[in-house]
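Step one of this worksheet: look at the structure below.
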2 protein chains.
Amino acid sequence: MSESKIKNMAEFASVSGISRPTISKYFNDPSSVRATIRTRIEAALEEHDYRPNIYAMNQNRRLTKNIGIVVPYLSDPFFAEIARNIEQRCIAAGFWPTLFSSHGSRELECNILDSLRSLKPAGVLFAPLGRASDRSVIEKFCKDVPTVLFDSDLEGIGAAFVGSDNFSFVAQSVEYLVRSGAPPCFFEMRTPANPNANKRRKAYISIMERLGFEPDVIKVDGEGWAFEDIGYRGAMRVLSEDTLASDTVLCSNDRLAIGFLAAAFEKGIRVGREPDSALRVAAHDDHPFSRFTCPSLTTVAHDYEAVSNRSVETLFELIEGGGRLTSRTEKLFEARLILRASA
Amino acid sequence: MSESKIKNMAEFASVSGISRPTISKYFNDPSSVRATIRTRIEAALEEHDYRPNIYAMNQNRRLTKNIGIVVPYLSDPFFAEIARNIEQRCIAAGFWPTLFSSHGSRELECNILDSLRSLKPAGVLFAPLGRASDRSVIEKFCKDVPTVLFDSDLEGIGAAFVGSDNFSFVAQSVEYLVRSGAPPCFFEMRTPANPNANKRRKAYISIMERLGFEPDVIKVDGEGWAFEDIGYRGAMRVLSEDTLASDTVLCSNDRLAIGFLAAAFEKGIRVGREPDSALRVAAHDDHPFSRFTCPSLTTVAHDYEAVSNRSVETLFELIEGGGRLTSRTEKLFEARLILRASA
DNA sequence: AAAAAATTTTAACGCGCGTCAATATTTTAT
DNA sequence: ATAAAATATTGACGCGCGTTAAAATTTTTT
């Protein structure tokens, strides 16, 4: 590699013997120049280690190659995993993804959208906070920036939604619990942050009724995103007061169940599907840690791959369509039951 | 707010009645203009909703207001938490942080540094992969970009290092275990990804010797960042073969311990500090989930706050010092014993 | 081999803002 | 009130690249 540092495109054009507009064209889309030219450019690139100034590049372009990824809570490994997946697909497609976390805060979520605007992204993949989101701010944002919502839906907002079918989660868990033992009660937060929680509760009630059982929803107090702690405290209370009407507990999500299991353990209550167990516990999400709970958690898994894959594909279609799709689509993926030891 | 969209600084200057260079100065540092001017600008800003084009801003500036944050593995909530902390401090100081995760991959880590270069960041906060890192690439990067390493040190690289004192972790755990029961064996990965693991092993050995006990290091197989699984498998083997020489196990980190505890539970081995327990288990890091293991995990906590705080402060000093500090500093924070139920 | 089509080159402008020098104005000190 | 210091304005250039129109070249078709 040559030692002389090349400081701009004109200089690189002259050392490579190709005109600047063609070089510019190449960097926008390498396949848009003739093969012979392309190989010459790439040879020169090997030699001279030049890279365009991204700020100058993006200044005039109406649309950048940036993609914003926004998740509500990155300290939750579930979102970290899905973000990783999405990120890599974007990179593979030649985009420049940037990851943001709202950290559970409405204000931060708004700030992020604000920053995102200045980034002039080609598109945004956005998992909103849910109940805490500022609908009007997000609605406005989605009008200006091509946005695909994922994980949790805000009805009517964004060009498309991709997520998991909450009904399918609950159908599988409830049906399994019923046929392998007894109908479950449903353990959840009183005021869940996420709209999926509401859909799961409704699904629980309707499935129980369809099967001819009385739904039994247990709501525990707690705000924010410290779900394990909320589950733990709620379970400690319920288990201390011995108010559980059922020996089968279906938690709205795995993180609550992690707390629930910790409480049960502390109380010396055996959880599992063996005959000598006092309680069965199941949940939804297949959180990365739910393999390592004690006992390991029976749960229902998202199709991570499918959700992230489809989200990204939908965004790409949206981008290629100039920011518009014919109509707002909602794609829900089926969930998959994961049998482990807890139920 | 006025409806007319302002499209550049000149236009905003004219509607606000202030000259463009002064507006420019304001955006670079609001405190650099006179108070009267500042309030007039801010009033106009309320009215007209103008924001400078960040690409044009950064194009000519030698140094941007960007700060890169690089962590080795974002799906580990430990890093997610510390990243969140650092991120917010940077924002508070008027910088624009961007978060990257190497996802445990050497190649990705190199790519990130590459991307970071084009961002022309004012500084970078970098937690390297460790053993898997490409030292020469990182060394080169740190020569060009003001960088503070945190969490895991690469000796001699970067302007400074901020982390936790591994010796202090192990001193506290070993001394506690000894005085409350028996000297522990040390449970770790055979080829740990992270240099902290090596320091912890060495600390364990030296502390045990100082106390007059025979060190006993148990190395389990496994590569990568799936520590819980590695701990689980390793523990299953050790517990099945019944080769533990000690009834007290000190895991190198909490994530291994999470796997270890899952294995012990599955084996029906009681863990805890009660007399009827067969095993005591402790570890290091105070991982966000270690409160919810069964039993809850006795561990030694990082001073999160101090580490992230000092990392950021050091980077700011570095930036203000024009990218150079008088000498490479290494700051290690003491750890804090957290007594829970497992030991 | 000539004509038609596709691509590249040349030349030049614009983008939005940083920055600078000279000048004008405001603030602070005397 | 006046002088000195600090700050703002005017006017202008440059940054690196996107983009365009017209001319030149290469490739493909016939």
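Only this structure's heavy atoms are used, side chains among them; waters, hydrogens and symmetry mates stay out. Here is the naming used below: chain letters follow the sequence lines, and residue numbers restart at 1 for every chain.
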Reading DNA chain D 5' to 3', which nucleotide is the first, and which the last, to come under 4.0 Å of any heavy atom in chain B?
D:dT7 to D:dG16
Kindly write out the residues that satisfy salt bridge (charged side-chain N to carboxylate O under 4.0 Å, His left out) with A:R40, not counting sequence neighbours, or none if the list is empty.
none
Reading nucleotides 17-30 of chain C from the 5' end, what letters show protein touch, with B for base, S for backbone sugar-phosphate only, - for no heavy atom under 4.0 Å?
BBBB------S---
Excluding sequence neighbours, so at least two apart, what forms salt bridge (charged side-chain N to carboxylate O under 4.0 Å, His left out) with A:R61?
none
Here the distance between atom P of C:dT8 and atom OH of A:Y26, to the nearest Å, is 13 Å
Applying salt bridge (charged side-chain N to carboxylate O under 4.0 Å, His left out), name anything that partners B:E11, two or more places apart in sequence or on another chain.
B:K7
Would A:R84 and A:E81 pass as an ion pair if we require N to O under 4.0 Å?
yes
Taking Watson-Crick and G-U wobble pairs with both distances under 3.5 Å, convert DNA chain D into its dot-bracket string, 5' to 3', dots for unpaired and | for cross-strand pairs.
||||||||||||||||||||||||||||||
Would you be so kind as to tabulate the donor-acceptor pairs closer than 3.5 Å made by side chains of residues 151-159 of chain A, with sequence neighbours excluded?
residue : atom : partner : partner atom : Å
A:S152  : OG   : A:P128  : O            : 3.3
A:D153  : OD1  : A:R328  : NH2          : 2.9

What pairs meet the salt bridge (Lys or Arg N to Asp or Glu O under 4.0 Å) rule with one or both residues in residues 17-38 of chain A, with sequence neighbours excluded?
A:R38-A:E42
B:K120 vs B:S32, nearer the 5' end of DNA chain D by closest nucleotide
B:S32
Of all residues at least two apart in sequence or in a different chain, which pass the ring pair (Phe, Tyr, Trp, His ring centres under 6.0 Å) check with A:F27?
A:Y50
Not counting sequence neighbours, which residues clear side chain to side chain contact (heavy atoms under 4.5 Å, CB included) with B:S115? List them please.
A:W96
Quick one: ring-ring contact (aromatic ring centres under 6.0 Å, His included) pairs with a partner in residues 306-333 of chain A, sequence neighbours left out?
A:F95-A:F316
Which residues pass the salt bridge (charged side-chain N to carboxylate O under 4.0 Å, His left out) test with A:E317, not counting sequence neighbours?
none
